[in-house]
Amino acid sequence: MTTTIPASLKLARQQAITTDYYALGYLALCIASYSDEGASPDKVKAAIAANVPTIGQIGDVPGTWTLDWGPAITTNLLSWKANLLFAASYRDPSTMLPIFSAVVIRGTDISAGFLGVVKQLKEDIEPGCQVVWGSNAAGACANESESSSVTPYIARGTYNGFKDLIALQGVNQSTQATQTLGEFLADFVPQYASDIAPLPLVVTGHSLGGCQTSPLSLYVNGLPAVQNGGVTVVPNSFAAPTAGNGGFATHYLEQLPNARRWFNTLDAIPMAFDALSSIKTVWTPCGDAIPGWANDAIDVLLLDVGKLTYAHEGGNATRQLTGACGSTTGASDPWGAQLEWQHFPPCGYWALMTAQYGSQLGSLNYPAWVTPQPACV
């Protein structure tokens with residue numbers, strides 16, 4: 001366990017735990033997770049490995065970015081490229097100790113191939129069955145009464161995705177050993193944990209990755225290396241649909257009081273699954289009426305969810321971004337164009353965060369390796 005911590009690093013670590021100062025850095029990591037979508041797994045890994053170190057300095061805190069583990073990606077032919085995970089750190093350049101370390105979960109990759117997309121869709125939209133958190137996903141589905149209770153229940157699709165993530169194998173970039181995330185953290189955390197300056201261990205993801213942030217954060221928080229002390233898990237989800245019921249959301253915040261949930265009020269995806277019907281009218285003020293196919297799809301999901309309850313974490317975790325209508329002039333599918341504008345990071349998150357939370361965030365340029373640069377940032 002690290003015992004010699006410079007005062008400046010101690011302050012920076014505390015800043016990561018108690019404030020949102022580094023949040024644009026977390027979002028940049030989420031953007032990096034989408035690098036080279038559609039390419040082979042090896043090319044995707046190489047692109048992420050090349051992009052992470054170039055994210056840049058956050059605000060007035062000098063730092064060096066390192067890829068520490070992974071990327072790990074699903075290569076099972078029946079769920080090709082469905083999930084991706086890596087770990088990285090923002091390090092103090094004078095000591096090379098982490099200011100914070102992060103576990104990053106990629107969102108939905110629609111270019112993963114048919115079976116990979118099907119797997120992700122099952123993880124995204126299988127809300128009709130909830131299982132007890134920590135149970136086997138093959139167990140009995142919750143009934144209406146159980147779902148509305150204080151017992152933590154999680155969507156079976158989300159649980160299956162979580163199990164896939166914790167089984168992925170990635171390379172420890174320091175030792176070159178191939179390990180699961182849990183095995184990597186068992187080696188990594190004791191090197192940098194500190195009782196006088198706890199290591200902030202961020203868990204972050206966008207969209208599907210945001211949904212997986214809560215179960216993966218609970219898993220990471222329960223690892224022996226974390227429970228031994230000197231580390232604080234700091235979840236930050238972006239554009240996340242719900243993972244489970246109110247009991248799960250309450251349990252999550254009880255275990256992880258430093259969690260943050262960033263969401264855009266005009267992003268439809270976070271409305272799944274606790275406010276599904278709201279998606280039908282979310283963009284009415286923008287003049288983009290829902291097309292018949294989308295209306296029908298929501299009706300199917302509403303029928304599937306039935307009377308099961310879903311809930312987001314609230315209270316101090318909430319980081320609301322007030323959405324603004326995007327330009328869809330000339331789009332062949334204005335509703336789909338508005339969905340893309342609001343949900344994906346450039347316009348629906350990065351631009352809103354810098355505009356609405358700028359005084360609380362350390363400045364950071366939008367990742368230079370995203371080309372062409374989005375017009376809204």
Side-chain angles (χ1 to χ4, degrees), residues 1-30 55 57-66 68 87-105 181 185 188-205 210 213-238 240 249 251-263 313-320 353 357-364:
M1 183 175 286
T2 300
T3 55
T4 304
I5 302 285
S8 59
L9 178 56
K10 181 180 179 180
L11 179 63
R13 284 187 169 187
Q14 186 65 16
Q15 193 177 37
I17 293 170
T18 61
T19 79
D20 297 325
Y21 192 80
Y22 300 96
L24 286 175
Y26 313 151
L27 184 55
L29 288 169
C30 292
I55 290 173
Q57 179 173 315
I58 302 175
D60 60 359
V61 181
T64 298
W65 291 91
T66 62
D68 300 323
S89 293
Y90 188 60
R91 295 175 181 261
D92 171 55
S94 61
T95 64
M96 288 308 292
L97 295 173
I99 295 169
F100 66 82
S101 296
V103 175
V104 187
I105 315 159
L181 176 66
L185 291 175
F188 181 85
V189 167
Q191 298 178 58
Y192 302 114
S194 168
D195 289 332
I196 63 169
L199 170 70
L201 185 54
V202 176
V203 181
T204 190
T213 293
S214 49
L216 197 67
S217 295
L218 288 168
Y219 166 78
V220 167
N221 194 56
L223 293 172
V226 174
Q227 288 293 303
N228 285 340
V231 58
T232 301
V233 178
V234 186
N236 272 257
S237 68
F238 297 90
H251 173 69
Y252 173 53
L253 287 183
E254 287 175 347
Q255 297 298 310
L256 297 160
N258 294 296
R260 283 85 144 163
R261 177 176 81 91
W262 298 86
F263 72 100
E313 61 273 21
N316 292 334
T318 301
R319 299 295 185 272
Q320 178 175 302
M353 287 172 68
Y357 284 80
S359 62
Q360 301 169 48
L361 305 176
S363 59
L364 184 67

Derivation and outcome, salt bridge (charged side-chain N to carboxylate O under 4.0 Å, His left out), residues R91 and D68: CA-CA 11 Å; R91 295 175 181 261; D68 300 323; 3.1 Å; yes
Verdict with supporting geometry, S101 and F188, side-chain contact (heavy atoms from CB on, under 4.5 Å): CA-CA 10 Å; S101 296; F188 181 85; 3.4 Å; yes
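The two residues V234 and A16 have their closest heavy-atom pair at CG1-O, 4.0 Å. Considering all non-hydrogen atoms of both residues, A225 and V189 come closest at O-CG1, 3.6 Å. Between P62 and I99, the shortest heavy-atom contact is O-CD1, 3.7 Å. The shortest non-hydrogen separation linking S194 to I5 is OG-CG1, 3.7 Å. Nearest heavy-atom pair, A102 versus L29, reported as atom, atom and distance to 0.1 Å: CB-CD1, 3.7 Å. The two residues S237 and E313 have their closest heavy-atom pair at OG-OE2, 4.1 Å.
Take D20 and apply the side chain to side chain donor-acceptor pair (under 3.5 Å) test, not counting sequence neighbours, and it matches R260, R319. Every residue two or more places apart in sequence or in another chain that forms a ring-ring contact (aromatic ring centres under 6.0 Å, His included) with Y22 is listed here: F100.
Panel note: side chain Q227, backbone N221; a donor-acceptor pair is recorded below 3.5 Å. Under the 3.5 Å distance criterion, the side-chain polar atoms of R261 are left unmatched by any main-chain donor or acceptor of G210. Using a distance-only test at 3.5 Å, with no hydrogens or angles considered, no donor-acceptor pair links the side chain of Y252 to the main chain of A259. Side chain of Q57 to backbone of G59: a donor-acceptor contact under 3.5 angstrom is found. A donor-acceptor contact shorter than 3.5 Å links the side chain of T204 to the backbone of N236.
In this structure, the side chains of Q255 and V233 stay at 4.5 Å or more apart for every pair of heavy atoms.
The OH atom of Y21 sits 3.5 Å away from atom CG of D60, with the distance rounded to the nearest 0.5 Å. With rounding to the nearest 0.5 angstrom, the CG atom of L199 is 8.0 Å from the CD1 atom of I17. The distance from atom CG of L201 to atom CG of L185, rounded to the nearest 0.5 Å, is 6.0 Å. Taking OG of S8 as the start and CD of Q15 as the end, the distance is 11.0 Å to the nearest 0.5 Å. The line from OG of S217 to CD1 of I105 is 6.5 Å long, rounded to the nearest 0.5 Å. Here the straight-line distance linking atom OG1 of T64 with atom OH of Y90 works out to 7.5 Å at 0.5 Å rounding.
V220 pairs with exactly one of V226, V231, L256, V202 by the side-chain contact (heavy atoms from CB on, under 4.5 Å) rule, that one being V226.
Dense packing is recorded around CG of N228, with more than 12 heavy atoms of other residues, nucleotides or ligands lying under 6.0 Å away.
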